[in-house]
Amino acid sequence: MSETLSPSASCEYFPTCNACQLWDLGYSAQKDLKVARLKDLLNLHGLESPASVEFVSSGEFGLRDRIDFTFKFDPVTAKFHFGFYDKDKILIPVKKCLQMSSQLQKIFEEFSLVEPKTSSANILKGSVRLRTGVGGLKGCWLDFSNLDIKHLLEDGTYLRTLLSKGFKVEMGQKGKSVTEVNGQLKLTDPKAHQWFKTVSANGSEIPLSCLVSDFTQPSVQSAKALTTIVLNWALKIKTGNLSVIEFGPGIGQFTLPLLSAKIPVTALEVDAAACENLRLNASFAGDELLTIKNDDFQRRDFSDESGLILVNPARSGLKKFTDSISQSKAEFLIYVSCFPESMCEDLERLKSIYRIQEIKIVDQFPQTNHFESCVFLQRIK
Ligand SMILES: C[S@@+](CC[C@H](N)C(=O)[O-])C[C@H]1O[C@@H](n2cnc3c(N)ncnc32)[C@H](O)[C@@H]1O
């Protein structure tokens with residue numbers, strides 16, 4: 001039986017806007033739906049799971065500290081629309097998105113007031129990411145074509161307005177930084193700023209530097225819940241010599257908390273820029289126990305590893321890294337995933353070696369079908 005009313009808020013763009021799917025379902029029904037979906041997937045893959053799947057929520061909306069959207073010029077009204085695509089790829093203009101944190105909503109409104117069309121740079125459409133950061137930082141990543149970037153730099157009006165409003169501006173696939181040098185706008189090397197945060201073993205916040213365009217979890221608040229789960233599981237099994245192999249550390253969301261608990265980490269990360277930021281972030285938080293390996297870690301030999309393997313792969317899952325895990329001697333495995341389908345496929349491949357001990361859902365994406373799963377496993381043979 002499903003509830004039909006979400007009492008705490010309702011979105012004026014639902015159901016036309018395709019970004020959220022569950023605004024018509026009460027939050028406790030959303031919780032039941034997500035837990036049931038994860039249990040069904042575990043069953044489908046023949047995975048034995050504990051009777052209960054804990055559901056951790058940081059709130060029903062208003063969590064996001066970064067957001068991706070599109071703007072498009074509408075020739076009928078001669079105005080720009082800022083918003084999200086519906087399922088037919090039609091842009092839904094949005095003034096207020098309940099998923100954004102109040103700070104992000106504020107900068108979204110500010111950004112939407114700046115006119116992208118200027119006398120000599122006729123930009124008609126673009127993809128944007130907005131971010132809020134530590135100490136009131138605000139930033140945008142304009143993921144535009146090279147030609148549009150060239151026109152905007154030459155014209156200068158739009159970019160100068162954004163800079164004058166205090167936005168850090170990144171452009172293009174490499175997230176190059178827009179800087180004014182001797183009165184001229186230039187694209188300079190990407191510049192990391194403190195866009196995100198994690199949490200140390202003593203509960204204090206650790207800033208994480210990266211680009212607006214880099215991967216972070218969507219919300220500082222729900223990432224804290226996720227990180228606390230990972231850290232508490234690691235602390236539960238911490239012995240004098242526990243060490244961690246971490247697959248996919250990114251900029252250090254879980255790495256830095258583990259290091260702060262004096263647990264040595266070997267971080268395996270394919271993205272060179274993420275490795276650089278991880279090194280930078282760890283240098284402030286304490287990096288004596290950190291080894292970073294920058295490579296593609298499919299099919300690597302970890303047969304000497306006997307402690308904990310922590311994995312947080314992209315949606316595509318671990319692929320051949322499951323073979324490396326099977327061949328290791330790791331006593332424990334923690335799997336964090338935003339895509340339960342690939343996670344359950346991976347865990348099926350490992351089920352003769354690792355048994356699930358605990359499962360938690362962190363509802364990083366309330367009002368949508370998505371959620372983050374955290375699974376703690378122990379070796380059975
Ligand atoms: C979902 S992100 C998680 C990042 C980090 N744990 C966090 O919470 O911000 C997945 C990470 O895995 C990395 N990755 C993907 N494939 C990889 C591979 N074959 N070897 C090593 N790292 C990989 C990506 O570059 C990315 O940083």
Side-chain angles (χ1 to χ4, degrees), residues 58 63-66 68 129 131 133 173-175 192 194-200 205-231 233-234 244-259 263 265-282 285 290-302 305 308-325 328 333-343 346 360 362 364-365 370-375:
S58 301
L63 296 178
R64 295 197 72 109
D65 298 302
R66 63 166 165 87
D68 296 335
R129 171 175 295 170
R131 259 192 199 280
Q173 281 296 299
K174 292 192 177 134
Q194 293 181 344
W195 292 116
F196 213 68
K197 282 187 226 170
T198 188
V199 64
S200 78
E205 288 181 341
I206 310 176
L208 292 174
S209 291
C210 62
L211 303 182
V212 175
S213 48
D214 281 337
F215 176 86
T216 65
Q217 301 295 338
S219 143
V220 168
Q221 224 178 309
S222 59
K224 185 173 175 183
L226 206 61
T227 308
T228 306
I229 290 169
V230 171
L231 187 58
W233 279 339
V244 177
I245 293 270
E246 186 182 7
F247 177 95
I251 59 169
Q253 183 68 42
F254 306 128
T255 326
L256 272 49
L258 291 168
L259 294 172
I263 299 172
V265 181
T266 301
L268 315 174
E269 173 58 60
V270 71
D271 180 349
C275 288
E276 226 173 273
N277 285 323
L278 174 58
R279 195 166 286 118
L280 172 77
N281 293 327
L290 174 65
T291 308
I292 301 174
K293 296 190 177 176
N294 176 207
D295 202 348
D296 182 337
F297 285 94
Q298 303 295 336
R299 300 171 203 257
R300 293 301 152 117
D301 178 11
F302 297 106
E305 180 54 36
L308 163 67
I309 295 185
L310 163 62
V311 298
N312 180 207
R315 286 168 70 91
S316 49
L318 291 172
K319 302 199 182 103
K320 290 289 172 191
F321 192 72
T322 51
D323 293 345
S324 311
I325 296 175
S328 78
L333 171 65
I334 295 176
Y335 198 131
V336 179
S337 172
C338 63
F339 202 64
E341 287 80 359
S342 59
M343 178 185 81
D346 287 341
K360 296 178 198 260
V362 174
Q364 290 229 95
F365 313 97
H370 306 285
F371 55 87
E372 200 82 17
S373 309
C374 306
V375 186

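Reckoned from all heavy atoms, side chains included, excluding hydrogens, waters and symmetry mates. This one's a predicted model, so the numbers in the text were calculated from it and none came from an experiment. Read the numbers this way: they start at 1 and go in the same order the structure lists the ligands and their atoms.
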The single option from D214, T216, D65 passing side-chain hydrogen bond (donor to acceptor under 3.5 Å, both in side chains) against R131: T216

Identity and separation of the nearest protein heavy atom to atom 20 (N) of ligand 1: F297 N, 3.1 Å

Neighbour count >12 (heavy atoms, 6.0 Å) for atom CD, E205: no

Selection from E372, E269, Q217, Q253 by shortest heavy-atom distance to atom 27 (O) of ligand 1: E269

Closest protein heavy atom (residue, atom, distance) for atom 2 (S) of ligand 1: F215 CE2, 3.7 Å

Verdict with supporting geometry, R300 and D295, salt bridge (Lys or Arg N to Asp or Glu O under 4.0 Å): CA-CA 10 Å; R300 293 301 152 117; D295 202 348; 2.8 Å; yes

Mutual orientation of the aromatic rings belonging to F297 and F302 [parallel < 30°, tilted 30-60°, perpendicular > 60°]: tilted

Under 3.5 Å side-chain donor-acceptor pair for E246 and T266: no

Minimum non-hydrogen distance to atom 19 (N) of ligand 1, winning option of D214, D296, V336: D296

Neighbour count above 12 (heavy atom, 6.0 Å) for E276 CD: no

Atom indices of ligand 1 within 4.0 angstrom of D271 heavy atoms, with elements: 25 (O)

Side chain, backbone, both or neither: F247 near ligand 1, heavy atoms under 4.0 Å: side chain

Side chain, backbone, both or neither: C338 near ligand 1, heavy atoms under 4.0 Å: neither

Heavy atom of the protein closest to atom 10 (C) of ligand 1 (residue, atom name, distance): N312 O, 3.2 Å

Side-chain H-bond candidate by donor/acceptor type, T198 with Q253, under 3.5 Å: yes

Heavy-atom nearest option to atom 12 (O) of ligand 1, drawn from G250, P249, G248: G248

Heavy-atom nearest neighbour in the protein, as seen from atom 16 (N) of ligand 1, with distance rounded to 0.1 Å: V270 CG1, 3.9 Å

